[in-house]
Every structure is written in structure tokens, then in C-alpha cells.
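Notes follow the structure.
All residue numbers in this chain count up from 1 along the given sequence.
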Amino acid sequence: MLFSVSHFISSLQPSASSLLWTIYLAPLVAAAIILLITRSNKPAAAILAIGAALITCAGSWILFFQKTNITIPGFAWINFGETLTISIGMMVDPLTRTMLVVVTTIATLVFIYSIGYMRHEEGFARFFAGLAFFLFSMLGIVLANNFIMMFISWELVGFSSYLLIMHYFEKPAAADAGNQAFIVNRIGDFGFLLGILLLWLSVGSLSFNTITASLPSFTNNPTLLAVSLILIFCGTIGKSAQLPLHVWLPNSMEGPTPVSSLLHAATMVAAGVYMLARIFPLLHGSPIASTVIMWIGASTALAAALMATQQNDFKRVLAYSTISQLGYMVTAVGVAPSAGIPMFHLFTHAFFKCLLFLTAGSVMISMHHELDIWKMGGLRKRMPLTFVTFLCGMLALAGCPFFSGSFSKDLIMKCAFEQHPAIFWMLVSAAGLTAFYITRVAVVAFFGTPRTEHARTALESPLVMTLPLLLLAIPAIFAGYPFIEKLFIAPLGTMSLVQEVPAYVEKLFIAFFFLGTAASFLLYRNAAKDPLVIPFLANRLYIDNVYAWCVQHIQGGFSNACSFFDRWVINGLCVQGSASLVWTLGFVLRFLQVGSLQVYSIFLGAGVIGMILLLLKIH
């Protein structure tokens, strides 16, 4: 069956160039039409955005089954002759094909789901235009064949996410969240740009293929390579919310839930991991950079899992979960022998995390936008489809055997076991905590008795919302199975490079899953309020407080000093002072211009006498 579908799709042979440009530009065209023509027509806006997503999705699957590597130089954007030429070009290789399928498939389902979620919301057309532009920006990252095109699209993703996160811009929290996401990402992107410039100075090219082929030239200068890659990794720290720039991601939950799903599953936050996979040969050739990446990823995985255990907001639990799972992927970049291993977890995570966020949105709509899990309870009876699909996503996230997440996550922990014991135990501990906090959400929100009137009267979401949930539940279960892994992930790097680990290691993974799940169930099954409150974790390790203190005292103090210098030195002494001095001199000298010849004669005589006396004194 799979062969016949593959044969049928591969028989569709449009021009590679036209197909790629269609995939890339369709969402941009849809966004422009929505904003310029159909702004007041809700059905037309939704149809245009979903139609563009369907076009990109169909084109991506055609490319995937054609299995042809393509490079399109495109056109020269900046041309300084032999010194520097920057082109807007595209490439398709196994990494591109897999990422395209993930991004466009999930985007299409989220777009469809958004019809039901946003049906009563203001800014309906603006929202779908933003989604389409966001998809266009992400496709630019996936298709780019050089660092500059990737960086331009990288910034467009940041801008479009800013617009979507603050969709409810009249709400102060949403406006602040959008600003924070934009500013924090610019910090990481500054390092990213410096790294790109260093590589260009070293290699003389910004093309991924040329840079990768130039790896032997760094043999005599490994420090330069390490510094360049660590600076580039700063882009991932910002975009993929790694410590210490993770703070923007939980606050981005102020945006509509479909935005959260799209950001967390397969687009913005996944872009950082995809970028690292794109330059994996360089990273693999730099032990220093790999070590830095490995430790930051593992620390993020564990810290975010700890913070998630104390969150009561449904979506914020999932947000910290995303940060933790991204930590697994980043760690895999540092410890794995091939790019296929971090991409494998990105692949499985995209489906079950999208599913979890969309189930959260389903609950949110039924609960009249209430997100506190302690105001829910008993929802499995009121919302059976949402509950079953949430259960599929939950088990995949927790690493339950036979669910997709267990295959990819366990593979990363096996690589960590081979490379570094401390990293291995950090990841295993994070896995146990993951099972704990996601079971906590399930038990508190879906089991027990309703705690509020909204929970008692909750209803299942409409078909336009539940159908994407059911479709996503399928890959949430099966996306990690060998026949799927062979089709989508094996071309990125063989998994056989991972060495065999002792049998007790795999049993340890299963034990931690059951330990976390059982502990959470026993602790929360009859709880009316949280029986386990740890202030240090509930306050997110006080990292946000540290940032707030730094902004208030360090940045605030520096700003006050600059203001004082500007007011009293620049403006007061230099500008106003010089102006006052000139005015005073003019005011005094004007008394010398009295218009009387007698007075001028006296001044002249006095001047002559003064000159004579001065000359006599000198001699």
C-alpha cells in the first residue's frame, strides 16, 4: 500500500524549480491577499490560508517521495564580485524533505483546527494572515541553501511570532509576551550573526555545502571553529528556548492556542534544532562546541522538567515540557553520531506536542478560557474524544513503551550513556519527571469530580477541532516505529551507529516511566489542591526574578546614569552651556556697539595707550 502511494506521488513530475517556488511563496501570496482584499471576509480568509497550507503540504509530499536532491541557485541578492555574493537560493536533500513534511503537515492541521478555535474571536482574518506569513517564514529556513537566506527567514519567523503571540494586543500580558519573545530572541540572534560572519571570514562562503566541505581547513585552527559554532549556537539558545534564554517561551502562552501549537511543535522552536542538524558535520568536527551544546541541552532538559512539576496553568506545563524536550534534542546534537538522532526526536515530538497543545485548546474553549487545572476535574466524561487523544499525546511524551516518544527519547539517552554518565543521569531524571508532571495534568484535569461550574458543564469541541486531534493521535502512537523511522529518518543518518548498551539501561528507562507515573497518580488522585508545593520550583528556579532584578537595578541603574550624563553633561554643559556662553558674550559685547563716535574714539585711544604700555613693559 505504501509503495503504491509512493509510486503514484512520485509519478507527478512538475518542474523542480516551479514546485519549490510554489511551496515557498504560496503562504506569502495567501497572507497578502487576506490583508489587502479579504480582510473583512472570514470564510475567504480561512479558505485562502488553508488552501495555501494544503498546496505546500501536497508539494512537500511530492518532493519527499521523488527522493531527488535539488539545488536551485536562485538569484543574486547582493553581489560584490569575488568578495561576497549572497543569493536567495534553495536546496532539497533528505533533511529538507523530512522537515518540509513535518512543518507543512502539522501547519495544515493547525490551520483547520483554528477555524473552530477562532470562530468567535476578533481579528479572525488578521490571525490567518499571520499564520500564513509564519508558515512562509519557516519554509524559508527549511529551504535555504545558505546562511544569509536562513538568517533572513530566521528573523521573519521572529517577527511573525511576535505578531501572533500578541494577537490579543489590547491585553497587557499578551503585548508584554510578544515584546519579550522578540527582544530575547534578538539577544541570541546577535551571537548567531557573529558566528555566521566568522565562518564567512574563515571560509569565504556562506553556502552550507561549501562550508561543510571546508571542514578540513579548520584542522589547524580548532579554536576558531569552536568559537564560530558556539556563537551560531546562540541562535538556537534563543529560538529553541535553551537556558538561560528560555524565559520567553512560557510567557508566549498568552497567544491563541493554535499559535502555541504551531510554535512548539514544528516551526519556530524547532528551527534551532534544524539549523544545528544542517551544520552537524561541522559540530561533529568540534569537540569543544559539542561539549558546550551537550551540557546546555542536558541542563535545560532537567531544569525545565523540574519547573513543569509545579505549574498549574495547562498550557504552561506544556510550554516547559517543550523546553525540556528541546533540551533532549540539543543534547543529542552534542552526543549523537549522526544528525538523524536529534531529528528523530524532533519528528516524533512534533506530532505528540502539537496534539497536546490542541487538546489544551479544546479544554480551554469548553472551560470558557480557564487554564488552571485545579479548576477542572472530571473532564474525561464530558470530553471523551479530547481525553483519549490527550492520553495518546501524554503517553508519547512520557516515554511509555510502544508510543512514539519512547523510541526517539530512549535513543538519545543511549547515546548519552555511551558519552557521559552525568549527562545520562540528567536525561533519565528528566524522563522520570516528565512522566510525573504530565500524569499530574491528566489526573487533576480529567479525573476525579468537577471542581467548578465550567467543568460540570463542559462539552466536547466541534468536529473541525476534534478531527485534527484524531489525525494527530495516529503519529503520536506510531511515528517512532521502525517502518516509519526507516522511511523518514534513516536517510538522515543511520541509527546503527549507536552502540549496544547493557540490557539494564533500557529497563531503567521503563522503570523511571512507571515510577514517575505511579508517584503522580498516587499523590494527586484525590487531591483538592496541590499537596506538593516547592516554592523554588513553583517560582521557576527564580530565574525570572533574577532577570527582573537585573532589568530594574543593573539596566535601570545604567539607564539612569546615561540619563544623568545626557541631561547634565551632553545637554547641560555642552549644548546649553555653550549656547549660554555665546549668548552671554554677545550680551556683553553689544554694550560696546553704542553708535557714538566720541565713545569709539575713547575706546581707540584707550586701546592705543594699552598697547604702548604693554610694549614698554615687555622691553
Side-chain angles (χ1 to χ4, degrees), residues 102-103 105-118 121 127 131 134-135 138 161 164-165 167 174 177 181 240-241 248-270 304 308 311-326 346-367 369-373 376 379 383 385-398 404-405 434 437-438 441-442 445-446 461 464-476 479:
V102 172
V103 170
T105 301
I106 286 181
T108 302
L109 292 174
V110 171
F111 281 30
I112 294 171
Y113 174 95
S114 298
I115 296 174
Y117 186 90
M118 298 294 294
E121 299 287 342
F127 176 79
L131 285 183
F134 187 84
L135 178 57
M138 185 63 195
S161 65
L164 289 170
I165 290 170
H167 177 76
S240 295
W248 69 270
L249 195 58
N251 293 332
S252 71
M253 297 301 97
E254 295 294 339
T257 301
V259 172
S260 304
S261 179
L262 202 56
L263 258 69
H264 289 243
T267 51
M268 183 174 177
V269 298
Q311 300 303 309
N312 296 323
D313 184 296
F314 202 136
K315 287 172 62 178
R316 284 181 184 267
V317 174
L318 298 180
Y320 281 104
S321 167
T322 299
I323 298 172
S324 182
Q325 298 307 303
L326 289 166
L346 186 153
F347 180 78
T348 59
H349 175 265
F351 295 106
F352 66 71
K353 184 51 62 68
C354 182
L355 173 61
L356 286 170
F357 267 108
L358 295 189
T359 56
S362 178
V363 169
M364 185 177 174
I365 290 295
S366 296
M367 289 287 298
H369 293 269
E370 177 59 66
L371 281 170
D372 188 342
I373 59 175
M376 300 178 187
L379 294 181
M383 308 178 68
L385 281 177
T386 299
F387 168 67
V388 170
T389 53
F390 174 86
L391 201 62
C392 293
M394 162 197 155
L395 294 173
L397 170 64
S404 63
T434 302
Y437 67 68
I438 198 62
V441 173
F446 289 97
S461 298
V464 72
M465 296 175 66
T466 55
L467 181 59
L469 300 184
L470 293 171
L471 293 175
L472 284 166
I474 298 171

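Checking Leu355, Val441, Val363 one by one against Phe390, the side chain to side chain contact (heavy atoms under 4.5 Å, CB included) holds for a single residue, Val441. Shown are Leu109, Ile106, Leu471; of these, the side chain to side chain contact (heavy atoms under 4.5 Å, CB included) with Phe351 is made only by Ile106. None of Leu472, Leu358, Leu470 except one satisfies the side chain to side chain contact (heavy atoms under 4.5 Å, CB included) rule with Thr389; the exception is Leu470.
For Pro258 against Val110, the heavy-atom pair with the smallest separation is O-CG1, 3.5 Å. Summarising the geometry of Ile165 relative to Trp248, their closest heavy-atom pair is CD1-CZ3, 4.4 Å, with the distance given to 0.1 Å. His349 and Ala265 get closest at one heavy-atom pair: ND1-O, 4.4 Å. For the residue pair Ala107 and Leu262, the shortest heavy atom distance occurs at CA-CD1, 3.7 Å. Contact record, Ala479 with Phe347: O-CE2, 3.6 Å, taken as the closest heavy-atom pair. Between Lys353 and Ser321, the shortest heavy-atom contact is NZ-OG, 3.1 Å.
Aromatic ring orientation, His167 versus Phe127: perpendicular (interplanar angle above 60°, classes split at 30° and 60°). Ring-plane geometry between His369 and Tyr117 is classed as perpendicular, the angle between the planes exceeding 60 degrees on a 0 to 90 degree scale with a lower cut at 30.
Side-chain contact annotation: Ser404 with Thr348, donor-acceptor N/O pair under 3.5 Å absent.
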Exercise for review: Take Leu467 and Ile112, measure what side-chain contact (heavy atoms from CB on, under 4.5 Å) needs, and give me the verdict at the end.
Suggested key: CA-CA 9 Å; Leu467 181 59; Ile112 294 171; over 6 Å; no

Review point. Checking side-chain contact (heavy atoms from CB on, under 4.5 Å) for the pair Gln325/Thr322: CA distance, chi angles, key distance, verdict?
Key: CA-CA 5 Å; Gln325 298 307 303; Thr322 299; 5.9 Å; no

Review point. Run the side-chain contact (heavy atoms from CB on, under 4.5 Å) check on Phe314 and Met367 step by step: do they pass?
Key: CA-CA 12 Å; Phe314 202 136; Met367 289 287 298; over 6 Å; no

Point to revise | Test log, rule side-chain contact (heavy atoms from CB on, under 4.5 Å), inputs Phe134 and Met268 | key: CA-CA 9 Å; Phe134 187 84; Met268 183 174 177; 3.8 Å; yes

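Contact of the Val388 side chain with the Leu469 side chain is not registered, since no non-hydrogen atoms from C-beta on lie closer than 4.5 Å. Contact check for Ile365 versus Met465: side-chain heavy atoms found under the 4.5 Å cut-off. Residues Met394 and Phe387 are not in side-chain contact: their nearest non-hydrogen atoms beyond the backbone lie 4.5 Å or more apart. Residues Met253 and His264 are in side-chain contact: their nearest non-hydrogen atoms beyond the backbone lie under 4.5 Å apart. Contact of the Pro250 side chain with the Asp313 side chain is not registered, since no non-hydrogen atoms from C-beta on lie closer than 4.5 Å.
Residues that satisfy the side chain to side chain donor-acceptor pair (under 3.5 Å) test with Ser366, not counting sequence neighbours, are absent from this structure.
Rounding to the nearest 0.5 angstrom, the gap separating the CG atom in Leu397 from the SG atom in Cys392 is 13.0 Å. Distance check: Ser161 OG to Leu249 CG gives 10.5 Å after rounding to the nearest 0.5 Å. The CG atom of Leu371 sits 11.5 Å away from the CG atom of Asn312 when rounded to the nearest 0.5 Å. The line from CD of Glu254 to CZ of Arg316 is 6.0 Å long, rounded to the nearest 0.5 Å.
Under a 3.5 Å cut-off, the side chain of Ser240 and the backbone N or O of Val269 do form a donor-acceptor pair. Judged by distance alone, the side chain of Tyr113 and the main-chain N or O of Ser362 form a donor-acceptor pair under 3.5 Å.
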